[in-house]
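Notes to accompany the following structure.
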There are 4 protein chains.
Amino acid sequence: MEIVAAALALFAARGYGATKLEDVACAAGIAKGTIYLYFANKEDLFRAVVRQELLPALARIEAAIEVHTGPTQDLLRLLMAHFVQMIESELGGIPKLVVSEAGNFPEIAQFYADEVVARGMAIIERIVARGVDRGEFRPVEAARLTPVLVGPMLCMLLWRHSIGRHSAIGFDHRAVLETQIDILLRGLAPEPGA
Amino acid sequence: MEIVAAALALFAARGYGATKLEDVACAAGIAKGTIYLYFANKEDLFRAVVRQELLPALARIEAAIEVHTGPTQDLLRLLMAHFVQMIESELGGIPKLVVSEAGNFPEIAQFYADEVVARGMAIIERIVARGVDRGEFRPVEAARLTPVLVGPMLCMLLWRHSIGRHSAIGFDHRAVLETQIDILLRGLAPEPGA
Amino acid sequence: MEIVAAALALFAARGYGATKLEDVACAAGIAKGTIYLYFANKEDLFRAVVRQELLPALARIEAAIEVHTGPTQDLLRLLMAHFVQMIESELGGIPKLVVSEAGNFPEIAQFYADEVVARGMAIIERIVARGVDRGEFRPVEAARLTPVLVGPMLCMLLWRHSIGRHSAIGFDHRAVLETQIDILLRGLAPEPGA
Amino acid sequence: MEIVAAALALFAARGYGATKLEDVACAAGIAKGTIYLYFANKEDLFRAVVRQELLPALARIEAAIEVHTGPTQDLLRLLMAHFVQMIESELGGIPKLVVSEAGNFPEIAQFYADEVVARGMAIIERIVARGVDRGEFRPVEAARLTPVLVGPMLCMLLWRHSIGRHSAIGFDHRAVLETQIDILLRGLAPEPGA
DNA sequence: AATGAATGAGAATTCATTCAT
DNA sequence: GATGAATGAATTCTCATTCAT
């Protein structure tokens, strides 16, 4: 819906508290009162923004991973490419929003941790396990590796959707991605003797 | 000052807008009006929180790096250890706060980008360049490497100071750090033939 | 509007600072917040009170003067009668208000001086000049005469809208007016020999 | 006392409500708390300002009138000259202040009406009665004449201490005074035939 | 379904007043 | 006597929410 899209943009830019429903309505091209026909109140709208938009994206990634059959490093590349896409889309505002408002919406934080982060980590751990199983990676503990794998991308996502908007410092997402993949593949390469 | 410490804790936990000065005063053990003896208004207090606390910490890191003479990988470990310390201290709330409020305080975002991020990146680039110069690392472009180096730590910092507070998912900072260092050193190791 | 009328009454009675918007709202039979739908803030309301009410009254006097053709002393009586009317109406609160708040609203004072006082003085000077021209008055310098002409009425106006409300001393406006006209006509009568 | 003088200047310029005790203290060259050594509270200070300063001035006028023996028109001139003096001194701020704050300090208004206005009117009525008795003025009812006599001067006083401070329009007090005396003496001159 | 005028609870801010030094 | 740091009641202003149209 238009309202959710407008709300996402404004919530992400200003935060929950600083976003006026009047501005959301204005951005969505409707009147203030109309929001209340679709959402019980501001909190309800906020929850809808976080819930409705992210899960489909995650499902798409899971599906893409599922059907993949080639080398694990291609799978890794595929995953990262999805990430870069999200960084560059409006959707990237959601993680930023959840980080910002976690303190005021603990159940949103929990929902996000359970439904997005946990599932995302599971995807990655499966990829790593697959690589180890197939002898493409040396044996590593997947749990400890996850932050190393997603951290750089997540950081760039948050940067782009917050401080980066107000600074001249920018990152070439794709170049960083290549470097990251390069380091990872070398760092995970099986020991020559093994 | 007590006020700044109380304000940091509350701003980081709830965000700028959702923090009432009355609560800050209460947490600092003073009356509402007393805040106005030291800060012109709420914004002024916010700026003070961000500005006063972080620069000294950064300066300490810079000084520690400066005097180091051993192998570059030790330097890398030293840097990361500082990071882990910050993650685990109250200070870690500041980056989270700046990410959250960048949209409402563009000049704070800029200040942070210029004084903290740019300086932090410069430190890292110097370490990487040193490693390459000394033949400890293979030749790499430092700029592209920075997010790969700090991303994982930053992510854990933000996690710990936002969503992580409301989720059962936790990270073993030191274990992740070891994994990250391990991957990096292998990934940056000079080509055998070079 | 109801709001402006209520505000005039309260501002005139208590002054700008001592008037709470809640009381204005209450007197106007609306809620506090409603005022802000029509006026940006308290100052804006104050300005509206002063600006909206007085100019139409002045224009009416000017028009009445314009069409008059009889003896100048009748014109003088007409003018004074308008004054007495204003003294006795709610409108009389405005000059009192402007006098009281001139220090805090210099641009209101200026506006009042330019739009009300200067125009009022011009009207009087025209009447005096007409009387001299027609040989009804002896030659006098109009500028010096103006305070003499309007001072007594203005004083009674201010009295009625401030101290007089709290004192037993009262003036019979119409009797004073007659005395004033009497003195003036004798005092302005052409020299017998001239 | 310095405090009262500073308070008069500020109260007259800004009104009671808009005057901060801190500014009064500052203008008097003392600390805020010191005011409370001499006055119970802000209202008490306000009352002192109005009460202490004006009565001595009035007593001086009464005394001057008392001893006068010459023609009544000289007495009138003497009275007016006192007025002009007050207009031009800091003391002129008091009537302006009382007019402004009458609504918030009814007992000050009453005090002023009884002690200053009533006494002032009595002085004037005595002068007029004297002139009539001595055959210098034609018979007039003194009560109706008082506003005619003092109105012009009072108006200029209020102008000078409020709106006039913020406008280019100014009055030549002494010139207006001469005109006023001239009109009065002609207007009060005994009928030729009487 | 949609509107937008009206509401009023809630937060930032001010400043008279107090009191330990 | 004098100070000025600390207080908290009081006021302006905002904005989520309601509801008559």
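A note on names: the letters A, B, ... follow the listed sequences, proteins ahead of strands, and every chain is numbered from 1.
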- line: When rounded to the nearest 0.5 Å, the distance separating CD of D/Glu115 from CG of D/Leu55 is 6.0 Å

field: Nearest-nucleotide comparison on DNA chain F, the residue closer to the 5′ end among C/Tyr36 and B/Ile35
entry: B/Ile35

message: Before we go on, tell me: are the rings of C/Phe111 and C/Phe105 under 6.0 Å apart, centre to centre?
response: no

- prompt: Of all the choices, E/dC15, E/dT7, F/dT7, which nucleotide is nearest to the side chain of C/Thr34 once you look at every atom?
  reply: E/dT7

task: Whole angstrom is fine here: how far is it from CD in A/Glu2 over to P in E/dA2?
output: 12 Å

task: Between B/Ala31 and C/Lys32, name the one whose nearest nucleotide on DNA chain F is closer to the 5' end.
output: B/Ala31

Any donor-acceptor N/O pair, D/Lys42 side chain to D/Lys20 backbone, under 3.5 Å: no

- prompt: For C/Glu43, does the CD atom have more than 12 heavy-atom neighbours from other residues, nucleotides or ligands under 6.0 Å away?
  reply: yes

field: 5'-most by nearest nucleotide on DNA chain E - B/Lys42 or D/Gly17
entry: B/Lys42

query: Counting only Watson-Crick or G-U wobble pairs whose two distances fall under 3.5 Å, which nucleotide matches F/dT21?
result: E/dA2

message: Is it true that, when you exclude A/Glu2 itself, more than 12 heavy atoms of the residues, nucleotides or ligands shown sit nearer than 6.0 Å to its CD?
response: no

query: If you look at every strand shown and take non-hydrogen atoms under 4.0 Å, does D/Leu37 touch a base, only sugar-phosphate, or nothing?
result: base

message: Expressed as a whole number of angstroms, how long is the span from A/Glu43:CD to F/dC15:C1'?
response: 15 Å

query: B/Leu10 has an atom CG; how far is it from atom P of E/dA12, in whole Å?
result: 12 Å

field: Length of the OH-P vector between D/Tyr16 and E/dT14, whole Å
entry: 20 Å

task: Would you kindly give the CD1-to-P distance between A/Ile30 and E/dA1, to the nearest whole Å?
output: 13 Å

- prompt: What is the distance from CD of B/Glu22 to P of E/dA12, rounded to the nearest Å?
  reply: 9 Å

- prompt: What is the distance, rounded to the nearest whole Å, between atom CG of C/Asp44 and atom P of F/dT14?
  reply: 12 Å

query: Whole Å only: how far is the CG atom of A/Leu21 from the P atom of F/dT18?
result: 11 Å

query: With a 4.0 Å cut-off on heavy atoms, is C/Tyr38 in touch with a base, just the backbone sugar-phosphate, or nothing at all?
result: sugar-phosphate

message: On DNA chain E, compare the nucleotides closest to B/Asn41 and C/Gly33; which residue's is nearer the 5' end?
response: C/Gly33

